[in-house]
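This report concerns only the one structure given below.
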Amino acid sequence: MCPNAQIDFIIGNHEFRLMKLLADKTPYLQVLLSEVIELSLSKIFGLDEYEINLISKVDLTASAKSDINIELQKNYRIYWDCFVACHIPIGSLMNLSGTNGHHHKAELRSGFDILRGSFTWMQTPGMHDLNAEYIDGPIQWNLGFGLTYINTKLKQVIQHPVSIHPDWAMVNGVYYERKI
């Protein structure tokens, strides 16, 4: 539907774990995959086939959770000098409009920067199985996604978090229902 769209995949904590597993547990396999077979993370995820850009600036030597979070804060992309996309919400400190997805909870906050004016920060909900076997206790996440509209000339951003339910959704006034 959007043949000229740019799609970026920003590495988060789950993908970091996979990359770290290859680096730590099977270092020779990593060399075999990347240098001999020429199988990169982009190819493993099938990103090349769909022309999806991989954003990964992490150092795989990080091992403690706090060090991993510091590394993941390096994983961001700024668009048109007015919008930042990242996995962990460090980008909100840049006083730009932006989005993060790490916490899987829908949230929209507003702020003001004396130089840039008003901005919004959207914590984007996740698109995952709420009944996954690794989830213990009550579910505290939202399902959904975010819509972001950017006026690239004026460098202004409008964001709209969209919450969905497992069986139905309302997006821009249109009702969608799961047909099983």
For Leu47, the option from Asp8, Asn53, Ile52 that meets side-chain contact (heavy atoms from CB on, under 4.5 Å):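 The passing option is Ile52.
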From Leu96 atom CG to Lys155 atom NZ, the distance as rounded to the nearest 0.5 Å: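 One finds 10.5 Å between CG of Leu96 and NZ of Lys155.
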Trp80 CH2 to Lys153 NZ distance, which is reported to the nearest 0.5 Å: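 With rounding to 0.5 Å, CH2 (Trp80) is 13.0 Å from NZ (Lys153).
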Between [X] and [Y], is there a donor-acceptor pair closer than 3.5 Å when you use the side chain of the first and the backbone of the second?
{"X": "Thr124", "Y": "Gly101", "value": "no"}
{"X": "Asn142", "Y": "Ala106", "value": "yes"}
{"X": "Gln73", "Y": "Ile88", "value": "no"}
{"X": "Lys105", "Y": "Gln123", "value": "no"}

Closest approach of [X] to [Y] (non-hydrogen atoms, all atoms of both residues):
{"X": "Tyr175", "Y": "Met170", "result": "N-SD, 3.7 Å"}
{"X": "Ile150", "Y": "Thr148", "result": "CG1-CG2, 3.8 Å"}
{"X": "Cys86", "Y": "Ile10", "result": "N-CD1, 4.2 Å"}
{"X": "Arg116", "Y": "Asp81", "result": "NH1-O, 3.4 Å"}
{"X": "Ser97", "Y": "Gln159", "result": "CB-NE2, 4.2 Å"}
{"X": "Ile55", "Y": "Asn75", "result": "O-ND2, 3.5 Å"}

Parallel, tilted or perpendicular: ring planes of Trp168 versus His165, cut at 30 and 60 degrees: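 The arrangement is parallel - the two ring planes meet at less than 30°.
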Are there more than 12 heavy atoms of other residues, nucleotides or ligands under 6.0 Å from atom [atom1] of [X]?
{"X": "Leu147", "atom1": "CG", "result": "yes"}
{"X": "Glu51", "atom1": "CD", "result": "no"}
{"X": "Phe112", "atom1": "CZ", "result": "yes"}

Please examine the side chains of [Y] and [X], heavy atoms only from C-beta on, and report whether any two atoms are closer than 4.5 Å.
{"X": "Thr99", "Y": "Phe83", "result": "yes"}
{"X": "Phe145", "Y": "Ile164", "result": "yes"}
{"X": "Leu143", "Y": "Pro125", "result": "no"}

side-chain hydrogen bond (donor to acceptor under 3.5 Å, both in side chains) assessment of Asn100 paired with Trp121: CA-CA 8 Å; Asn100 71 278; Trp121 192 266; 2.7 Å; yes
Joint cluster assignment, Val162 & Leu108, ILVMFWY side-chain distance < 4.5 Å: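 No, Val162 and Leu108 fall in different hydrophobic clusters.
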side-chain contact (heavy atoms from CB on, under 4.5 Å) assessment of Val157 paired with Phe119: CA-CA 8 Å; Val157 178; Phe119 63 91; over 6 Å; no
